[in-house]
Amino acid sequence: MEETKKSLNFIEQIISDDLASGKHESIITRFPPEPNGYLHIGHSKAICLNFGVAERFNGITNLRYDDTNPEKESQEYVDAIRRDIEWLGFNVDDRIYFASDYFGKLYEFALDLIKKGLAYVDDSTAEEMAGMKGDIDKPGTDSPYRSRSIAENLSLFEGMKNGDFPDGARVLRAKVDMAHPNLLMRDPVIYRIKRQHHHRTGDDWCIYPMYDFAHGQSDSIENITHSLCSLEFENHRPLYNWFIENLGIFPSRQIEFSRMNVTYMITSKRKLLKLVEDGVVTGWDDPRMPTISGMRRRGYPPMAIRTFCDKAGVTKRDQTLDIGFLEECVRQELNRTTDRIMAVLNPLKVVITNYPEDKVEDMKIVNNPEEENPSYRTIPFSRELYIDHSDFREEAPNRKYRRLAPGKIVRLKSGYIIECEDYVKDETTGEILEVRCKYVENSRSGEDTSGLKPKGTLSWVSAKHAVSAEVRLYDRLFNDPSPTKHKDRDFMEFVNKDSLSILNDVKLEPSVLERKSGECLQFMRIGYFAIDETSTPDKMIFNRTVTLKDTWAKIQRK
RNA sequence: AGCUCCGUAGCCUAGCGGUCGAGGGCUCCUGAAUUUGACUCAGGGAAUCGCAGGUUCGAAUCCUGCCGGGGCUUCCA
């Protein structure tokens, strides 16, 4: 059966046309992060787009660090960015570049512009320049230095490069048009003096190119055919093209798409940094962070993030995706890949009164029923078990209730059917301390001849075999879907104070001790949990990745 | 206000002049099945295609105007 061809997004259509018309024989895209922060969910869209589109059209993608502002950049970020991209599953081994590698060429480009009479050294202060820039509806005025001779510009620019002038004393500007309706075209600054140690070029340079002078030319140097960026750079495109035309270099084409927003998440590097610095979270990789490293630690599988980005699509409209959609992608991926284990978050002791004191049975249980050829393991069953507090009520609330209550029977998953006879309650606190049940001897899972049909199935753990662990329950970091969209309120006001709650005595089946750090498991009937990187066999720590869908909770809410 | 981009259900998206009395996904609702109230399956609800004109035998698709929303006035990227 022919699969219906997936439609092309608008960028893929452009590429497809360029290939069909012969404008390009093959394509090259690039992902150009500035190494001044960690990659987040928004970047993952750009990554998936650039690498995905290249893959689709048999092209290639460069990772290019846009490291032209040493003030904020560092090797730490360079490493983290690469790790995140590779974790998402994209190979960049032999295609890693740095804008800083082009500083020499960029300098030559600047010289070329000066010689063509298209760039000049300006001695004005930043304030003076701002004053001459004009306004949104007022044309700017020419700088008094705009008409300097080529020779003077050449020597002054060389002086800038040689460190003859203090930081900020002069800048190199492109000579475009001070009356241009697009503010970015009013003689933009293209080089500034900044004595700042660069993480790669060290102290080789004391002048650094601005974004507009570095980005397009770097694209061009690498023969990038399609330079995909977010909408905020739309106004930069005329400048991007102006430099390429006037320099007469390879014409890369910039195409803008809307960036991805996700409800209850923020994607401003500055704001994320504030969360880290203020100690709202434990670091860039805190499982509540929308960073790729945070999502990794949380247990989100890379494929889920990729699927999410692919399903989100690529357009130029403002895009705000429901965080529930992301979580659904995570569940879908985890459902097919994770093993199910027995876990009890809030342990309540169950004593099987008619089960022998010292008897232990190995019960067979499937690891992951979604696999084509499922494998099995065993878990111990004994007289004293734990079930979850939420699975017992002193009285069934309604006919839909399928769990345990006095007089009710229930199936213990992969174990026996039990009937509740009695329970022990602390009369002062009202807390249920213990539930007493009888098991049905011929109801053993897989060989049940009892004929009983309990409505509910509970998860359980043998008390004396249980492993106690810490479980971190994460909730959304903000309690407002768009914390940064309020004109009169700071996003920090919306931080969810209850975004983390810790359970210290979660009971797990003993097989968890064999699981590796980072592994994600389904706690049956509860959710997906990833073993934290700080977890040890002596003290296991799990991060809740996402809950399972919970229809019962929905019914109760009504 | 000047430039620029965008406007299809609560959210994302398909659509490229007739096959659209607008398709898909998420969400929502109902039912079936179930040793996970998960997964799966069946069905259902939800869209004045921003508005108004125009072109055309025919417009979500083309044109014009209007309305609404976003971005831009850093020696950041």
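Here is how names work: the chains are called A, B, and so on, in the same order as the sequence lines, proteins then strands, and each is numbered from 1. Because only heavy atoms are used, hydrogens play no part in the values below, and waters and symmetry mates are left out as well, while side chains stay in.
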Given A:Glu361 and A:Tyr416, is the side-chain hydrogen bond (donor to acceptor under 3.5 Å, both in side chains) satisfied, shown in steps? CA-CA 11 Å; A:Glu361 285 182 83; A:Tyr416 288 96; 2.7 Å; yes
Can you tell me which nucleotide in [options] comes closest to the side chain of [X]?
{"X": "A:Tyr401", "options": "B:rC76, B:rG25, B:rG37", "answer": "B:rG37"}
{"X": "A:Pro369", "options": "B:rC75, B:rC12, B:rU36", "answer": "B:rU36"}
{"X": "A:Thr457", "options": "B:rC6, B:rG25, B:rU35", "answer": "B:rU35"}
{"X": "A:Pro181", "options": "B:rC72, B:rC3, B:rC12", "answer": "B:rC3"}
{"X": "A:Asp137", "options": "B:rU35, B:rA1, B:rC75", "answer": "B:rA1"}
{"X": "A:Glu234", "options": "B:rC72, B:rC5, B:rA77", "answer": "B:rC5"}
{"X": "A:Thr315", "options": "B:rA77, B:rA14, B:rU36", "answer": "B:rA14"}
{"X": "A:Ser7", "options": "B:rC76, B:rC12, B:rG15", "answer": "B:rG15"}
{"X": "A:Ile555", "options": "B:rG37, B:rG25, B:rC28", "answer": "B:rG37"}
{"X": "A:Lys413", "options": "B:rC12, B:rU36, B:rA77", "answer": "B:rU36"}

Under 4.0 angstrom, heavy atoms only, what part of the nucleic acid is [X] near: base, sugar-phosphate, or nothing?
{"X": "A:Phe233", "answer": "base"}
{"X": "A:Asp318", "answer": "sugar-phosphate"}
{"X": "A:Ala312", "answer": "sugar-phosphate"}
{"X": "A:Phe325", "answer": "sugar-phosphate"}

Taking atom types as they are modelled, is there a donor-acceptor pair under 3.5 Å from the base of [N] to the side chain of [X]?
{"X": "A:Gln522", "N": "B:rU36", "answer": "yes"}
{"X": "A:Ser445", "N": "B:rU35", "answer": "yes"}
{"X": "A:Asn235", "N": "B:rG71", "answer": "yes"}
{"X": "A:Arg317", "N": "B:rU8", "answer": "yes"}

Just checking A:Phe325 against A:Phe308, ring centres under 6.0 Å apart?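 Ring-ring flag for A:Phe325/A:Phe308: true, centres closer than 6.0 Å.
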Run the ring-centre check on A:Phe542 versus A:Phe529 and record whether the distance is less than 6.0 Å.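 That pair fails the under 6.0 Å test.
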Is the ring pair A:Tyr208/A:His198 parallel, tilted or perpendicular, if the boundaries are 30 and 60 degrees?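 Ring orientation of A:Tyr208 relative to A:His198: parallel.
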Fit a plane to each ring of A:Tyr38 and A:Trp284, take the angle between them on a 0 to 90° scale, and name the class: parallel (under 30°), tilted (30 to 60°) or perpendicular (over 60°).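 Parallel, since the angle between the ring planes stays under 30°.
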Is A:Trp552 stacked on the base of B:rG37 when the test is centres under 5.5 angstrom and planes under 30 degrees?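 Ring-base stacking flag set for A:Trp552 and B:rG37.
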Counting just side-chain N and O atoms, does A:Lys138 come under 4.0 Å of either OP1 or OP2 of B:rU73?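 So the side-chain polar atoms of A:Lys138 never come under 4.0 Å of the phosphate oxygens OP1 or OP2 of B:rU73.
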Using atom NZ of A:Lys269 as one end and atom C1' of B:rA77 as the other, report the distance to the nearest whole Å.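 Interatomic distance, NZ of A:Lys269 to C1' of B:rA77: 7 Å.
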